[in-house]
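Worksheet: the structure to be examined is printed underneath.
Everything numeric in this text was worked out from a predicted model, so none of it was measured.
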Amino acid sequence: IPGLKNWLSVSLTRPTPRVLRLIAPGPHLPAVETLLSAPSRDPVPEDLQDTVSRLAAYYLVSEKQRGNVLDPVGHFHVTNGAVVWGLRWGGTRSVEMLEQSLGLMVNYLYDSSSPDRAALYASDDRTVSVGPAVSNLLLD
């Protein structure tokens, strides 16, 4: 998720009510801010992974620019009919990817039995299809 850390840094400067709801109650906001300000050489601590996963799911599914998914890789996949299926910690461990995505990777599912997903995304509402694990992360 190449733009995740940058998006988080910008979003937490002036968080929307939706972003604040996705951050677990308690000390998570300052902890995430500290995480983002440091070089990302180490994996995200386990106690912050749920919070960062919720924020990443929101970024992948709901953040749009001119009606298109903000994440360029995600945009490619959803416009070709993929489902944002799941998120995986430790999916990428290179220093460069830790710096961009905090070590979080997204899995996309292409289901040939549902070829109309690309058409659904291309419709006016730009609906992004998600799998059950991602859907659970987005629930308030």
Side-chain angles (χ1 to χ4, degrees):
I1 312 173
L4 178 62
K5 185 176 178 184
N6 184 54
W7 174 80
L8 281 170
S9 296
V10 170
S11 294
L12 294 182
T13 303
R14 299 177 94 177
T16 64
R18 174 72 172 148
V19 167
L20 288 173
R21 280 195 309 274
L22 291 167
I23 298 173
H28 286 102
L29 179 58
V32 172
E33 290 172 331
T34 299
L35 174 76
L36 295 173
S37 66
S40 300
R41 297 193 195 327
D42 298 316
V44 171
E46 277 190 44
D47 63 329
L48 291 179
Q49 287 182 2
D50 285 344
T51 298
V52 175
S53 293
R54 283 192 300 276
L55 291 163
Y58 177 78
Y59 167 69
L60 291 165
V61 173
S62 301
E63 279 296 298
K64 309 249 172 86
Q65 182 175 28
R66 292 187 298 264
N68 295 315
V69 171
L70 185 60
D71 179 65
V73 175
H75 175 73
F76 168 82
H77 286 290
V78 300
T79 56
N80 285 293
V83 176
V84 180
W85 191 252
L87 298 173
R88 302 286 176 261
W89 284 101
T92 179
R93 294 184 186 270
S94 75
V95 174
E96 179 184 1
M97 288 294 103
L98 281 169
E99 188 60 36
Q100 293 180 15
S101 69
L102 302 170
L104 191 58
M105 186 177 88
V106 59
N107 295 119
Y108 294 97
L109 174 72
Y110 285 87
D111 182 0
S112 60
S113 67
S114 298
D116 57 338
R117 279 207 179 89
L120 177 64
Y121 180 76
S123 69
D124 288 338
D125 68 355
R126 302 284 188 190
T127 300
V128 175
S129 297
V130 298
V134 174
S135 179
N136 288 337
L137 289 170
L138 295 169
L139 294 177
D140 283 321

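Following chains of ILVMFWY side-chain contacts shorter than 4.5 Å, one can reach Leu20 starting from Val61, so the two form part of one hydrophobic cluster. Residues Leu36 and Met97 do not share a hydrophobic cluster, clusters being chains of Ile/Leu/Val/Met/Phe/Trp/Tyr side chains in contact below 4.5 Å. Note on Leu138: it clusters hydrophobically with Val52, by side-chain heavy-atom contacts below 4.5 Å among ILVMFWY residues. Cluster membership check: Tyr59 shares its hydrophobic cluster with Val128, using side-chain heavy-atom separations under 4.5 Å among Ile, Leu, Val, Met, Phe, Trp and Tyr. Cluster membership check: Leu12 shares its hydrophobic cluster with Leu48, using side-chain heavy-atom separations under 4.5 Å among Ile, Leu, Val, Met, Phe, Trp and Tyr.
In terms of the salt bridge (charged side-chain N to carboxylate O under 4.0 Å, His left out) criterion, residue partners of Glu99 (sequence neighbours excluded) are, by chain and number, Lys5.
The minimum heavy-atom distance linking Gly74 with Asp71 is given by the pair N-OD2, 2.7 Å. Pairing each heavy atom of Gln65 with each of Leu70, the nearest pair is OE1-CD1, 3.6 Å. Of all the heavy atoms in Val73 and Tyr108, the pair that sits closest is C-OH, 4.3 Å. Considering every non-hydrogen atom in both Ile1 and Ala56, the closest pair reads CD1-CB, 4.5 Å.
A donor-acceptor distance shorter than 3.5 angstrom exists from the side chain of Thr79 to the backbone of Phe76, with no hydrogens or angles considered.
To the nearest 0.5 Å, the span separating CG on Asp50 from CG on Leu22 amounts to 12.0 Å. Going from atom OG1 of Thr16 over to atom CZ of Arg21 covers 7.5 Å, rounded to the nearest 0.5 Å. Atom CG of Leu55 is separated from atom CG of Leu60 by 11.0 Å, given to the nearest 0.5 angstrom. With values rounded to the nearest 0.5 angstrom, Tyr110 atom OH is found 5.0 Å from Asn80 atom CG.
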Listing, residues 81-91 side-chain donor-acceptor contacts under 3.5 Å, not counting sequence neighbours, or none:
{"residue": "Arg88", "atom": "NE", "partner": "Asn107", "partner atom": "OD1", "Å": "3.2"}
{"residue": "Trp89", "atom": "NE1", "partner": "Ser53", "partner atom": "OG", "Å": "2.9"}

Checking Val69 against Glu63 for the side-chain contact (heavy atoms from CB on, under 4.5 Å) test, could you report, in this order, the C-alpha distance in whole Å, the side-chain angles of both residues, the deciding distance, and whether it holds?
CA-CA 6 Å; Val69 171; Glu63 279 296 298; over 6 Å; no
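Paired with Gln49 under the rule side-chain contact (heavy atoms from CB on, under 4.5 Å), one option of Val44, Leu104, Leu102 passes, and it is Val44.
Annotation: side chain of Leu35 is in contact with side chain of Pro45 (closest heavy-atom distance under 4.5 Å).
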